[in-house]
There are 2 protein chains.
Amino acid sequence: MKLITRDTDYAVRALCFISGSKKNRVSVGELVGVLKIPRPFLRKILQILNKKKLLKSYKGQGGGFALVKSHDKILLTDLMKIFQGPLKLNECVFKKQVCPNIKTCKLKKKIDKIEKYVISELKGITLAHLL
Amino acid sequence: MKLITRDTDYAVRALCFISGSKKNRVSVGELVGVLKIPRPFLRKILQILNKKKLLKSYKGQGGGFALVKSHDKILLTDLMKIFQGPLKLNECVFKKQVCPNIKTCKLKKKIDKIEKYVISELKGITLAHLL
DNA sequence: GTCAATGATACTAAATTTATATCATTTGTC
DNA sequence: GACAAATGATATAAATTTAGTATCATTGAC
Ligand code: SF4
Ligand code: SF4
């Protein structure tokens with residue numbers, strides 16, 4: 001029942017730091033020093049963010065990562081989708097089979113309603129709100 | 001990002017069936033037939049519900065399980081607490097250490113707000129609503 | 001006493017989350 | 001161009017949580 005996983009959390013922290021940094025590139029080494037995130041894990045996260053065009057990477061000496069968009073254009077839900085998959089609070093799929101009750105299930109309806117609210121709230125959160 | 005886990009879901013289904021049954025006791029065998037839940041897993045779930053006083057069990061031939069309270073007194077959150085632990089959408093605990101940012105973290109504040117709503121909604125759901 | 005039911009408990013398997021490790025590639029500096 | 005400092009790509013491993021199984025003991029109606 002965890003809304004965000006650790007990689008999303010780490011991504012938020014890293015992006016926040018990069019956004020707040022005066023340099024226009026920040027290296028993994030610097031981030032590791034500040035954020036205390038295990039280096040290889042953070043590296044993986046940043047590489048994914050680069051692939052997904054939320055960061056631009058620069059190789060070679062003096063390289064690092066920089067934001068691509070302004071902080072108010074980066075949505076928390078972008079990160080959640082990247083690291084956690086689709087925004088859903090209930091799958092109703094067991095062993096790759098959709099639950100047969102799905103059409104009528106009242107529990108699902110209740111959860112769907114909650115989900116709708118949660119997602120709408122999440123969608124309003126940008127990186128700028130998290131600085 | 002799953003609000004309820006499978007055991008909670010199974011518990012809901014089992015309780016709903018028991019509640020709707022004309023008999024005053026329902027055996028695991030009958031439930032397995034109807035709900036298609038793996039027998040040993042369902043047994044475990046029912047035994048827990050018995051221990052937690054949401055069901056009363058009857059041993060021996062003709063035995064089974066019966067509701068203890070009326071269906072509008074059984075809360076979904078009771079089940080969630082039993083099978084999923086405390087109602088929380090974010091722990092902010094990594095490797096048994098509370099996150100040092102917890103006092104000031106804006107992400108946490110956002111999630112806390114969402115959590116508050118979610119929990120208040122969940123608390124309003126009884127078994128009666130799920131029949 | 002037998003048999004059909006649950007109680008207690010230990011174990012196993014699968015899936016997801018959280019990392020780690022290694023080698024290749026790029027690029028700035030000398 | 002050699003070198004070093006950075007990321008890219010990718011494979012693997014460890015830890016945790018979720019899901020499911022197996023076994024034997026106990027109870028109670030008949
Ligand atoms: S029983 Fe309802 S909530 Fe559970 S999986 Fe089926 S549809 Fe979804
Ligand atoms: S950074 Fe914020 S949200 Fe993440 S664990 Fe720390 S306090 Fe919680």
Side-chain angles (χ1 to χ4, degrees), chain A residues 1-11 13-14 18 23-33 35-53 55-66 80 82-86 88 90-91 93-97, chain B residues 1-11 14 18 23-33 35-53 55-66 80 82-86 88 90-91 93-97 99:
Chain A
M1 215 179 128
K2 203 165 26 177
L3 205 58
I4 65 163
T5 53
R6 200 170 301 187
D7 34 18
T8 305
D9 193 276
Y10 285 168
R13 295 194 222 175
I18 294 171
K23 304 183 197 169
N24 47 3
R25 294 175 190 185
V26 181
S27 74
V28 170
E30 188 174 354
L31 287 166
V32 165
L35 303 174
K36 316 291 184 196
I37 296 171
R39 182 180 205 110
F41 196 20
L42 180 57
R43 238 153 82 61
K44 192 162 78 173
I45 289 167
L46 295 176
Q47 283 183 9
I48 291 169
L49 291 174
N50 175 52
K51 262 192 195 158
K52 299 288 185 178
K53 318 273 191 192
L55 285 176
K56 169 132 187 56
S57 74
Y58 300 89
K59 284 179 164 184
Q61 205 169 39
F65 295 86
M80 293 178 70
I82 289 170
F83 294 107
Q84 306 176 199
K88 284 219 123 274
N90 61 151
E91 301 283 349
V93 176
F94 292 169
K95 310 195 176 180
K96 296 176 186 167
Q97 288 226 306
Chain B
M1 217 179 126
K2 203 166 26 179
L3 205 57
I4 65 163
T5 53
R6 200 169 302 188
D7 33 19
T8 306
D9 192 277
Y10 285 169
I18 294 170
K23 305 183 196 168
N24 47 3
R25 294 176 190 184
V26 181
S27 73
V28 171
E30 189 174 353
L31 286 166
V32 165
L35 304 174
K36 315 290 182 195
I37 296 171
R39 182 180 206 111
F41 195 19
L42 180 57
R43 237 153 85 60
K44 192 163 77 172
I45 289 168
L46 295 175
Q47 284 183 8
I48 291 169
L49 291 174
N50 175 52
K51 263 191 193 157
K52 299 290 185 177
K53 316 274 192 193
L55 286 175
K56 170 131 185 58
S57 73
Y58 300 90
K59 285 178 164 186
Q61 207 170 36
F65 296 86
M80 293 178 71
I82 289 170
F83 294 107
Q84 306 177 195
K88 285 218 122 276
N90 62 151
E91 301 283 348
V93 175
F94 293 169
K95 309 195 177 181
K96 294 175 186 167
Q97 288 226 308
C99 175

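By convention in this document, chain letters (A, B, ...) are assigned in the order of the sequence lines, proteins followed by strands, and residues within each chain are numbered from 1.
Taking atom CG of residue B/L46 and atom P of nucleotide C/dT9, one finds them 18 Å apart after rounding to whole Å. Distance B/Y58 OH to D/dG28 P: 12 Å, rounded to the nearest Å. Per the geometry, CG belonging to A/D9 stands 11 Å off P belonging to C/dA19, to the nearest Å. If you take CD1 of A/I48 and P of C/dA19, they are 14 Å apart, rounded to a whole angstrom. Rounded to a whole Å, the CZ atom of A/F65 is 9 Å from the C1' atom of D/dA6. In this structure, A/Q47 atom CD and C/dT26 atom P are separated by 14 Å, rounded to whole Å. For the pair A/I37 CD1 and C/dA19 P, the interatomic distance rounds to 10 Å; values are reported in whole Å. Atom CD1 in B/I45 sits roughly 16 Å away from atom C1' in C/dG7 (whole-Å rounding).
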task: For each nucleotide in nucleotides 11-26 of chain D, reading 5' to 3', give B when a protein heavy atom comes within less than 4.0 Å of its base, S when such contact involves only the sugar-phosphate, and - otherwise.
output: --------SBB-B--B

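At the phosphate of C/dG7, OP1 or OP2 sits under 4.0 Å from a side-chain N or O atom of B/S57. Side-chain nitrogen and oxygen atoms of A/N50 include at least one within less than 4.0 Å of the OP1 or OP2 phosphate oxygen of D/dG8.
Using a 4.0 Å heavy-atom distance criterion, A/G29 is classed as making no nucleic acid contact.
B/Q61 contributes no side-chain N or O that forms a donor-acceptor pair with the base of D/dG28 under 3.5 Å.
Residues satisfying the salt bridge (Lys or Arg N to Asp or Glu O under 4.0 Å) test with A/K2, not counting sequence neighbours, are none. Remark: B/E30 pairs with B/F17, B/K23, B/V26, B/S27 by the side-chain contact (heavy atoms from CB on, under 4.5 Å) rule, at least two apart or across chains. Remark: A/F83 pairs with no residue by the ring-ring contact (aromatic ring centres under 6.0 Å, His included) rule, at least two apart or across chains. Residues passing the salt bridge (Lys or Arg N to Asp or Glu O under 4.0 Å) test with B/K88 are B/E115, sequence neighbours excluded. By the side chain to side chain donor-acceptor pair (under 3.5 Å) test, A/Q84 is found to be paired with A/T5, A/T8, residues two or more places apart in sequence or in another chain being considered. Every side-chain contact (heavy atoms from CB on, under 4.5 Å) that A/R25 has, sequence neighbours left out, goes to A/Y58. Applying the side-chain contact (heavy atoms from CB on, under 4.5 Å) rule to B/K44 yields the partners B/F41, B/I48; only residues at least two apart in sequence or on another chain are considered.
Each end of the helix from C/dG1-D/dC30 to C/dC30-D/dG1 gets its own rotation axis from five pairs of C1' atoms, and the angle between them is 0° to the nearest 10 degrees.
Residue-to-nucleotide proximity on DNA chain D shows that, of A/K51 and A/G62, the 5′-proximal contact is made by A/G62.
Of the inter-residue distances, the one linking A/D9 atom CG with B/N90 atom CG reads 9.0 Å to the nearest 0.5 angstrom.
Residues B/I18 and B/L31 have side chains in contact (heavy-atom distance under 4.5 Å, counting atoms from C-beta outward).
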